[in-house]
Amino acid sequence: MEGFDLPLTVSRPELIDFEGISMVHYFTDNWENLQNFQARPDDILIATYPKAGTTWVSYILDLLYFGSTAQERQTSLPIYFRVPFLETAFPGMPSGVELADKLPTTPRLIKTHLPIQLVPKSFWEQNCRVVYVARNAKDTAVSFFHFDRMNMSQPDPGDWNTFLQKFMDGKNVFGPWYDHVCGYWEKKLTYSNIHYMFFEDMAKDTGREVEHLCSFLGISAPIEERERITEAVHFDAMKQNNMTNYSNIPFLDFKISPFMRKGKVGDWKNHFTVAQNEQFDEHYKQKMKSTTLQFRTQI
Ligand code: PPS
């Protein structure tokens, strides 16, 4: 399963309103099967708003569970087959639900960008562990903008100013960043099996975050193994690695922007004008005024 048979001419979809969230049909076409997905108690759900570091954490978990036992997996199976993206329904490839159903591994690692209220209920019923990764809004917006430019299965982002306004209005795929990060943060109050982590902490000290993940998952990995993993998931290593850099997907145009773009905290400073930054900060204060959730926009 090195790549898949996708039509090369995926056309940019319209943004639709779906259950109050901006979506595209590629993530809603399989809705009934998605909502009926049968999670198992040992499944691990990796939940994120787009561009928060999903692939980074997915690869860490994959290596923690399967890095030393399944060599072939490491050299021939791209990350999107190891960790299926549950809500996908792209023509010419199995849906995320089908891929997850067929995963031979225990545990199954499953990716979603769904806001908390749309996550299939069996994950909660089975008390599955959830790893949520959050990234500060400004870097997320920049990363999302470049991703939408190069990803022909996403709506056209327009220019940066237009995109930023849409981001603030929650008019991009998977809805408002603000509600997404706060939704999972609040869920922690009533559901203890969520490990909430930050892109900025991973960038600052990946090894420490791997250690925290091990404690949450109940994995006892020796220090040497954790160091090996930390090295393997370094930005440069993942960018070079064809199994983690998304280079086999035909509708991603790497000539416009690579999937593994910069991997930095604070790249927003190269994009926001002073006026955009002031307007964004003011809006942010309003949107985030009733949460205890705090982000760092530089490290
Ligand atoms: S997606 O499409 O939502 O699944 O994308 P996601 O994987 O969540 O986010 C992609 C951004 O994460 C950066 N990235 C990394 N940064 C540092 N180190 C590592 N190992 C790493 N892996 C992925 C990737 O470069 C994207 O961020 P930007 O800012 O665009 O570079």
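Atoms within each ligand, like the ligands themselves, are counted from 1 in listed order. Just so it is clear, the structure is predicted and the values come from calculations on it, not from any experiment.
Phe144 does not carry Lys51 over the face of its six-membered ring by the limits of under 6.0 Å from the centre and within 45° of the normal. Taking the ring centre of Tyr184 as origin, the terminal cationic atom of Lys187 falls outside the region bounded by 6.0 Å and 45° from the ring axis.
Atoms of ligand 1 lying under 4.0 Å from at least one heavy atom of Met260, given by number and element, are 21 (C), 22 (N), 23 (C), 25 (O). Here is the list of ligand 1 atoms found below 4.0 Å of a heavy atom in Thr54: 1 (S), 3 (O), 4 (O), 6 (P), 7 (O), 8 (O). Residue Lys111 approaches ligand 1 through these ligand atoms, each under 4.0 Å from one of its heavy atoms: 4 (O). Short contacts between ligand 1 and Phe147, defined as distances under 4.0 Å to a heavy atom of the residue, involve ligand atoms 2 (O). Contact atoms of ligand 1 toward Pro50: 3 (O) (distance under 4.0 Å to a heavy atom of the residue).
With 3.5 Å as the limit, one finds a donor-acceptor pair spanning the side chains of Glu200 and Asn136. In the model, Gln74 has a side-chain atom that pairs as donor or acceptor with a side-chain atom of Asp62 under 3.5 Å.
At the top of the distance list for atom 24 (C) of ligand 1, counting protein heavy atoms only, stands Phe259 O, 3.9 Å. Shortest contact from atom 7 (O) of ligand 1 to any protein heavy atom: Thr55 OG1, 2.5 Å. Protein heavy atom closest to atom 13 (C) of ligand 1, with residue, atom name and distance, is Phe199 CE1, 4.1 Å. For atom 17 (C) of ligand 1, the closest non-hydrogen atom on the protein side is Trp56 CZ3, 3.4 Å. Of all protein heavy atoms, the one lying nearest to atom 2 (O) of ligand 1 is Lys51 NZ, 2.9 Å. Considering only non-hydrogen protein atoms, atom 16 (N) of ligand 1 sits nearest to Gly263 CA, 3.2 Å. Residue, atom and distance of the protein heavy atom nearest to atom 30 (O) of ligand 1 are Ser143 OG, 2.7 Å.
In this structure, of Gln154, Arg261, Arg135, the residue bringing a heavy atom nearest to atom 11 (C) of ligand 1 is Arg135. The heavy atom nearest to atom 20 (N) of ligand 1, out of those in Val173, Val233, Ile79, is found in Val233.
On a distance-only criterion, Lys262 and ligand 1 share at least one N/O pair closer than 3.5 Å.
Across all their heavy atoms, Ile60 and Met202 have their closest contact at CD1-SD, 4.3 Å.
Using the six-membered ring where Trp is involved, Trp177 and Phe295 have ring planes that are tilted, between 30° and 60° apart. In this structure, Tyr178 and Phe280 have tilted ring planes: the angle between them lies in the 30° to 60° band.
Side chain of Trp56 to main chain of Val233: a donor-acceptor pair is present (N/O by atom type, distance under 3.5 Å, no hydrogens or angles).
Distance check: Glu14 CD to Ser22 OG gives 12.0 Å after rounding to the nearest 0.5 Å.
Assignment of His113 to the shell around ligand 1 is supported, since a heavy atom sits closer than 4.0 Å.
The only member of Tyr59, Phe85, Tyr246, Phe259 that meets ring-ring contact (aromatic ring centres under 6.0 Å, His included) when paired with Tyr80 is Tyr246.
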